[in-house]
There are 2 protein chains.
Amino acid sequence: MTTATSPRALEHPPRDRIRLEAVLHALSDPVRLRIVRDMAREGTELSCSYFDLPVTKSTTTHHFRVLRESGVIQQMYRGTAKLNALRGEDLDALFPGLLDTVLAAADAQAARTEGAA
Amino acid sequence: MTTATSPRALEHPPRDRIRLEAVLHALSDPVRLRIVRDMAREGTELSCSYFDLPVTKSTTTHHFRVLRESGVIQQMYRGTAKLNALRGEDLDALFPGLLDTVLAAADAQAARTEGAA
DNA sequence: GTCAAACTACGAGGGTTCTCGTACAATGGG
DNA sequence: CCCATTGTACGAGAACCCTCGTAGTTTGAC
């Protein structure tokens, strides 16, 4: 039984322990990069079930955990759902422009591959 | 026996086959990120033996191959040495600003960790 | 209390990665 | 030709990662 104030706690790295290598690794997986792109496009907190990913729910949980433990996203429970948000401020303070540049690169690559289809 | 024009050929992905995920993955390893930072700092072609890495030569060869096959660097033989250069133009054409942003992020992180020492 | 929805935990399989040691090839100098 | 230098190839071990299925937990609705 957990305390009433934080029913289910989730471990997040503090800002000063976010490592660039871990962020790059988190973003180097196609499924996770897609998740991050979706989150950036919507701009608001999204539940895990919002995403229509080509993997099972178990694998989805795994990817969200990698994103959280690397410091890319923040997660919090709300009822049975789990809300996800990009840690844009933290990332921009540590690595200015990195997230935006990667997102732009992903958009550019998507435009190229879609255009070739 | 190879042709005289290209004594030892090395496979490089053409520009349009460089994938963002592969680039991010290549940069997500500490040893490789360090190699890329050194290359960017020197700005000129460097031989593999220039780098003083905390791994054996075999492992060094492995990391340079990952960098080459992901499209981050270009390699060519020159005598017994092998010269390495960043594919800055290709990367910038595909993913504008990505390399510089990652390098700046790596510098920022290095400054923080060194400052704390 | 019962039930469905949302997500997690655990374990496992299969693949990839990082690392190394040893043995080998290619080049250039004496 | 002999040899030092530079890097490669191959194999192997340990670790990690992505994926899944099954079973379980937490929450909110009825």
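Throughout, protein chains are lettered first and strands after them, A, B, ... in sequence-line order, and every chain is numbered starting at 1. Heavy-atom basis, side chains included; hydrogens, waters and symmetry copies ignored. Small disclaimer: the values here were computed from a predicted structure and weren't measured.
Counting to the nearest Å, the C1' atom of C:dA9 and the CD atom of A:Glu69 are 13 Å from each other. Counting to the nearest Å, the C1' atom of C:dA6 and the CZ atom of A:Phe64 are 12 Å from each other. The separation between A:Tyr77 atom OH and D:dG28 atom P is 13 Å, rounded to whole Å. If you take CG of B:Leu83 and P of D:dT6, they are 12 Å apart, rounded to a whole angstrom. The CZ-C1' distance, from A:Arg68 to C:dA9, rounds to 13 Å in whole Å. If you take CD of B:Gln75 and C1' of D:dG7, they are 10 Å apart, rounded to a whole angstrom. Rounded to whole Å, the distance from CZ on B:Arg65 to P on C:dT16 is 14 Å. Rounded to whole Å, the distance from CD on A:Glu11 to C1' on C:dA9 is 15 Å.
Salt bridge absent: B:Asp29 and B:Arg34 never bring a charged side-chain N and a carboxylate O closer than 4.0 Å.
Between A:Gln75 and A:Arg68, the side chains place a donor N or O and an acceptor N or O closer than 3.5 Å (distance only, hydrogens not considered). Side-chain contact, B:Gln109 with A:Glu21: a donor N or O sits under 3.5 Å from an acceptor N or O.
Position along DNA chain D of the nearest nucleotide to A:Gly79 versus B:Thr80 favours B:Thr80 as the more 5'-ward residue.
Residues meeting the side chain to side chain contact (heavy atoms under 4.5 Å, CB included) test with A:Ala108, sequence neighbours left out: A:Arg112. Remark: B:Arg41 engages B:Asp38 in a salt bridge (charged side-chain N to carboxylate O under 4.0 Å, His left out) (not counting sequence neighbours). The side chain to side chain donor-acceptor pair (under 3.5 Å) test applied to B:Thr56 returns B:Thr59, not counting sequence neighbours. Residues satisfying the side chain to side chain donor-acceptor pair (under 3.5 Å) test with B:Glu69, not counting sequence neighbours, are none.
A heavy-atom distance below 4.5 Å is not found between the side chains of B:Ser70 and B:Arg65.
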For this session: Let me have a per-nucleotide readout for nucleotides 10-19 of chain D, 5' to 3', with B, S or -, counting only protein heavy atoms under 4.0 Å.
Result: --------SB
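Of the residues in residues 45-53 of chain B, those lying under 4.0 Å from DNA chain D by heavy-atom distance are B:Ser47, B:Cys48, B:Ser49.
Following chains of ILVMFWY side-chain contacts shorter than 4.5 Å, one can reach B:Phe51 starting from B:Val31, so the two form part of one hydrophobic cluster.
Checking D:dT27, D:dG7, C:dC7 against every side-chain atom of B:Lys57, the shortest atom distance belongs to D:dG7.
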